[in-house]
Number of protein chains: 2
Amino acid sequence: MDTSFDIESFFNKFSCDCKKAQRKTFSKNQVITTYIQKRNQLCILLSGHADLVRYDLNGNRTIVEHFSKNALFGEVFYQVTTNNELLVEARSSCTVLFYIYDQLKEPCTKNCEFHSTLSEHLPELILNKITDLNTRIELLTQRSTRDKLLMYFSLISTRKLSKTFELPFSLTDLADYLNVDRSAMMRELKLLKEDGLVEKIGNRIILLYE
Amino acid sequence: MDTSFDIESFFNKFSCDCKKAQRKTFSKNQVITTYIQKRNQLCILLSGHADLVRYDLNGNRTIVEHFSKNALFGEVFYQVTTNNELLVEARSSCTVLFYIYDQLKEPCTKNCEFHSTLSEHLPELILNKITDLNTRIELLTQRSTRDKLLMYFSLISTRKLSKTFELPFSLTDLADYLNVDRSAMMRELKLLKEDGLVEKIGNRIILLYE
DNA sequence: TTTTTTCTGTTGCATAAGTCACATATTATT
DNA sequence: AATAATATGTGACTTATGCAACAGAAAAAA
């Protein structure tokens, strides 16, 4: 998520005196939070990468959302509908700001600069979240595994402004993100290579079309 | 979407003097808007039902989102990634409020009551939109057609607080919404009936489990 | 009303995609 | 450096889902 406003460096300069925010760091694979209704938690990812992951009763794992710098997450945004486990897991080492949504909304009595600036930028951050979610839906509504792969590659390619890029996921995770079986995805990836649409060197993807 | 705040009746009482909003009505199947980047349009559905529909090059139709009373939509929320057509179509007769997002943000000079009240309630409306999108993702990440149907039924059932309910979609539309082939969905629906999980009388679904 | 259009329900068939299983490569951990 | 753990790559087999086609029902238009 690319925002002109860099929350992390801003937070470092004007740390929040009002004590409404908690800042924590996490190492890879640690659980950042779980989604349990009622707490109304709102989190901001200051640095690193994290995933919202769902484990269902059949042992299937789904990466519901992927978060990078400046992303918002937390159960304020979530109506927990199923009784599946929903965890946010750190994909790399992460720094996270924890808020209670209702406290964030009401004006800060201490009038600390960080708090007011964050409120000012909140609409922008939220709009980014919504477009991310809509893009996620576009991806998931692709009909075939091939279409999902091609759209996913194209998204990263335009974001990186290059036909060559590193995958931010392992292939196992990518399958869980695209909601397809891993071995089926591998097969399709091979076909894409055979059809001369894609090249893959280690973790690096090269798009050969257009 | 159930909000305590009813925009429609409020708008009727204190109609917006500042002329920033345009209110229009649409009849069934009319195109309310198309998603073209740059205009930054934000729309509010005051009454009726509408769908965001995508037509791809193979003639496939996808219902990307379904909107009901108080729903927000428009291209502010959308990063148009593919070159597919994206239309919002009225499913029933609709009343829609059109805004330009940037104008909505800045404080109203005329200080009209509607405008300020809307701004006040905007965070709540936006939060609803985000939880809707997340629920949509939950639905789309169900693995099988059966799971999609069961989750969809369960969502409506909890919303209506009843194991018996009318489908707000035709079966053709439902298939486009669940992103599955219609005849495959019909087959699965038959199996659900045969397994004694669901009963269907006309447009009415009865859940038989739990 | 009659006619036309769209929706529902069902089938046979083709194929995309899931399941299982295993070998090798790569990455963590001790 | 040795061992364990996890990720990648691939193949044989099964199954779910897509596709095409059609008849009857329901809804919309004439």
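We name chains A, B, ... by the order of the sequence lines, and we start the count at 1 in each one.
Qualifying salt bridge (charged side-chain N to carboxylate O under 4.0 Å, His left out) partners for A:Asp56, counting only residues two or more places apart in sequence or in other chains: none. The side-chain contact (heavy atoms from CB on, under 4.5 Å) check on B:Glu166 picks up B:Asn203, B:Arg204, with sequence neighbours excluded. When the salt bridge (charged side-chain N to carboxylate O under 4.0 Å, His left out) test is applied to A:Arg61, the partners found at least two apart in sequence or on another chain are A:Asp173, A:Asp176. Partners of B:Glu85 by salt bridge (charged side-chain N to carboxylate O under 4.0 Å, His left out), not counting sequence neighbours: none found. Among residues two or more places apart in sequence or in another chain, the salt bridge (charged side-chain N to carboxylate O under 4.0 Å, His left out) test is passed with A:Glu199 by none. Residues satisfying the side chain to side chain donor-acceptor pair (under 3.5 Å) test with A:Ser119, not counting sequence neighbours, are none.
Looking at A:Tyr35, its side chain does come within 3.5 Å of a backbone N or O of A:Gly74 through a donor-acceptor pair. Without hydrogens or angle criteria, A:Asn84 side chain to A:Arg54 main chain gives no donor-acceptor distance under 3.5 Å. Using a distance-only test at 3.5 Å, with no hydrogens or angles considered, a donor-acceptor pair links the side chain of A:Ser157 to the main chain of A:Ser162. Of the possible polar contacts, none joining the B:Thr145 side chain to the B:Met185 backbone as a donor-acceptor pair under 3.5 Å is found. Judged by distance alone, with hydrogens and angles left aside, the side-chain atoms of A:Lys69 form no donor-acceptor pair with the main-chain N or O of A:Ser47 at under 3.5 Å. Judged purely by atom type and a 3.5 angstrom limit, B:Lys28 has no side-chain atom pairing as donor or acceptor with the backbone of B:Gln30. Judged by distance alone, the side chain of B:Lys148 and the main-chain N or O of B:Leu178 form a donor-acceptor pair under 3.5 Å.
Using a 4.0 Å cutoff on non-hydrogen atoms, the parts of residues 183-202 of chain B near DNA chain D are B:Ser183, B:Ala184, B:Arg187, B:Glu188, ordered by number. Listed in residue order, the members of residues 143-157 of chain A having a heavy atom less than 4.0 Å from DNA chain D come to none. Within residues 171-182 of chain B, the residues having any heavy atom closer than 4.0 Å to DNA chain C are, in order of number, B:Leu171, B:Thr172, B:Arg182.
Of the inter-residue distances, the one linking B:Ile205 atom CD1 with B:Phe153 atom CZ reads 4.0 Å to the nearest 0.5 angstrom.
Five base pairs at each end of the helix from C:dT1-D:dA30 to C:dT30-D:dA1 define two local axes, and these are offset by 60° (rounded to 10°).
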So which protein N/O to nucleotides 23-29 of chain C N/O distances come out below 3.5 Å?
none

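Using bins of under 30°, 30° to 60° and over 60° for the plane-to-plane angle, the ring pair B:His66/B:Tyr177 lands in the perpendicular bin.
Residues B:Asp132 and B:Lys129 are not in side-chain contact: their nearest non-hydrogen atoms beyond the backbone lie 4.5 Å or more apart.
Think of the region where chain B sits on DNA chain D: with heavy atoms and a 4.0 Å cut, that region ends 5' and 3' at D:dT17 to D:dA28.
Ion pairing of A:Arg136 with A:Glu65 is absent here, as no side-chain N (NZ or NE/NH1/NH2) approaches a carboxylate O to less than 4.0 Å.
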